[in-house]
Peer 1: 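Below you will find the structure I want to go over with you.
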Amino acid sequence: MNSRRWHLNKDYPTLEHWFKLHKWDSPIPKDILPERGIIIEDVCAAGLYTDKSSKLGFMYGIFSNPTISKLKLFKCMKICFSEISKIANELNLKYIYTVTAEKSLHKLYDKILKLNNCESNLKAYIIDLNKLNNNLDWISENKENNNGNR
């Protein structure tokens, strides 16, 4: 399974296709995804937000192709996390923070990767500063989500 660093301009159509396969009402806008990330074949991807003033990175994703078998997806997600960790180490980060509401990712993070669950009662909010994008379905809890990976 080939992994590589993502090139957002080149790889965004793949991500957008996955979002559509998951039947999201709207895709995650390309301009809010981080420039750093990993993509594994046509299976999964994750982004890593970084800031030069902090030793904390934020992993957003793991996005996936819902047509892939669960076993292959699980293996690729482990690789994806490992590759994100390599980028974080190259950048001299000390921590990676991530959040998820997906039960399958909870299993991966808790049982396999043995990550520290630090905020089990977390509520997340987004502020649309410019009031330009009233369609925030890609991040809204209020939309029904049957396929996961949101």
Side-chain angles (χ1 to χ4, degrees), residues 1-20 22 24-66 73-143 145 147-150:
M1 292 169 249
N2 296 321
S3 67
R4 63 174 172 77
R5 301 205 176 177
W6 76 17
H7 303 285
L8 206 45
N9 286 331
K10 178 182 163 195
D11 293 319
Y12 185 74
T14 298
L15 298 174
E16 192 173 34
H17 177 67
W18 294 349
F19 303 153
K20 287 178 185 173
H22 279 289
W24 293 4
D25 289 337
S26 61
I28 298 171
K30 181 173 84 171
D31 63 351
I32 70 156
L33 291 172
E35 69 179 58
R36 291 181 178 90
I38 294 295
I39 191 161
I40 300 177
E41 292 177 351
D42 190 34
V43 180
C44 64
L48 181 65
Y49 293 90
T50 60
D51 182 309
K52 292 179 181 158
S53 67
S54 174
K55 296 293 182 183
L56 174 73
F58 178 71
M59 183 179 78
Y60 191 61
I62 296 176
F63 310 114
S64 68
N65 179 343
L73 177 60
F74 184 74
K75 288 177 182 178
C76 288
M77 285 178 165
K78 288 182 6 184
I79 294 167
C80 192
F81 184 80
S82 175
E83 293 299 315
I84 286 287
S85 297
K86 286 179 187 176
I87 294 173
N89 284 325
E90 289 170 12
L91 297 170
N92 218 15
L93 299 179
K94 302 296 181 200
Y95 302 96
I96 299 172
Y97 183 82
T98 191
V99 295
T100 186
E102 299 305 316
K103 290 179 183 177
S104 60
L105 287 177
H106 283 285
K107 248 187 240 180
L108 174 67
Y109 295 165
D110 287 342
K111 294 180 180 171
I112 306 304
L113 300 176
K114 306 218 184 287
L115 303 182
N116 292 315
N117 181 7
C118 57
E119 298 187 54
S120 59
N121 293 317
L122 177 71
K123 290 279 189 179
Y125 300 88
I126 190 164
I127 301 167
D128 185 358
L129 294 173
N130 295 313
K131 307 283 188 228
L132 296 175
N133 185 0
N134 293 325
N135 187 355
L136 296 173
D137 289 341
W138 57 272
I139 200 165
S140 176
E141 179 182 68
N142 297 326
K143 297 308 275 182
N145 184 7
N147 295 328
N149 292 39
R150 191 184 281 213

Peer 1: When you measure from the side chain of His17 to the backbone N and O of Asn65, does any donor-acceptor pair fall under 3.5 Å?
Peer 2: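 No.
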
Peer 1: Can you check side-chain contact (heavy atoms from CB on, under 4.5 Å) on Ile38 and Lys86, steps first, answer last?
Peer 2: CA-CA 10 Å; Ile38 294 295; Lys86 286 179 187 176; over 6 Å; no

Peer 1: Show your working on side-chain contact (heavy atoms from CB on, under 4.5 Å) between Lys10 and Ile39 and close with a plain yes or no.
Peer 2: CA-CA 11 Å; Lys10 178 182 163 195; Ile39 191 161; over 6 Å; no

Peer 1: Can you confirm whether Leu8 sits close enough to Leu15 that some side-chain heavy atom of one is under 4.5 Å from a side-chain heavy atom of the other?
Peer 2: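 Yes, close enough: below the 4.5 Å cut-off.
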
Peer 1: Are Ile96 and Ser85 close enough that some pair of their side-chain heavy atoms sits under 4.5 Å apart?
Peer 2: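 Heavy-atom side-chain distance check passes, below 4.5 Å.
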
Peer 1: Parallel, tilted or perpendicular: which fits the ring planes of Trp6 and Phe63, with parallel below 30° and perpendicular above 60°?
Peer 2: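 Trp6 and Phe63: parallel rings.
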
Peer 1: Do side-chain atoms of Ser82 reach the backbone of Lys78 as a donor and acceptor pair under 3.5 angstrom?
Peer 2: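 No, because the side chain of Ser82 does not come within donor-acceptor range (under 3.5 Å) of the backbone of Lys78.
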
Peer 1: Give me the atom names and distance for the closest heavy-atom approach of Cys118 to Tyr97.
Peer 2: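 Of all heavy-atom pairs spanning Cys118 and Tyr97, the closest is SG-CE1, 3.8 Å.
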
Peer 1: Does the side chain of Phe58 reach to within under 4.5 Å of the side chain of Val99, using non-hydrogen atoms?
Peer 2: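 The answer is yes, as the side chains (C-beta and beyond) meet within the 4.5 Å cut-off.
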
Peer 1: Determine whether Ile79 and Val43 make a side-chain contact, defined as any pair of heavy atoms from C-beta on separated by less than 4.5 Å.
Peer 2: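 A side-chain contact under 4.5 Å is absent here.
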
Peer 1: With a 4.5 Å heavy-atom cut-off, do Leu108 and Phe81 have their side chains touching?
Peer 2: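 Side chain of Leu108 against side chain of Phe81, heavy atoms only: no contact under 4.5 Å found.
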
Peer 1: When the ring planes of Tyr12 and Phe19 are compared, do they come out parallel, tilted or perpendicular, using 30° and 60° as the limits?
Peer 2: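 Ring orientation of Tyr12 relative to Phe19: perpendicular.
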
Peer 1: Do Leu105 and Met77 have side-chain heavy atoms sitting under 4.5 Å apart?
Peer 2: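 A side-chain contact exists here, since the closest heavy-atom pair is under 4.5 Å.
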
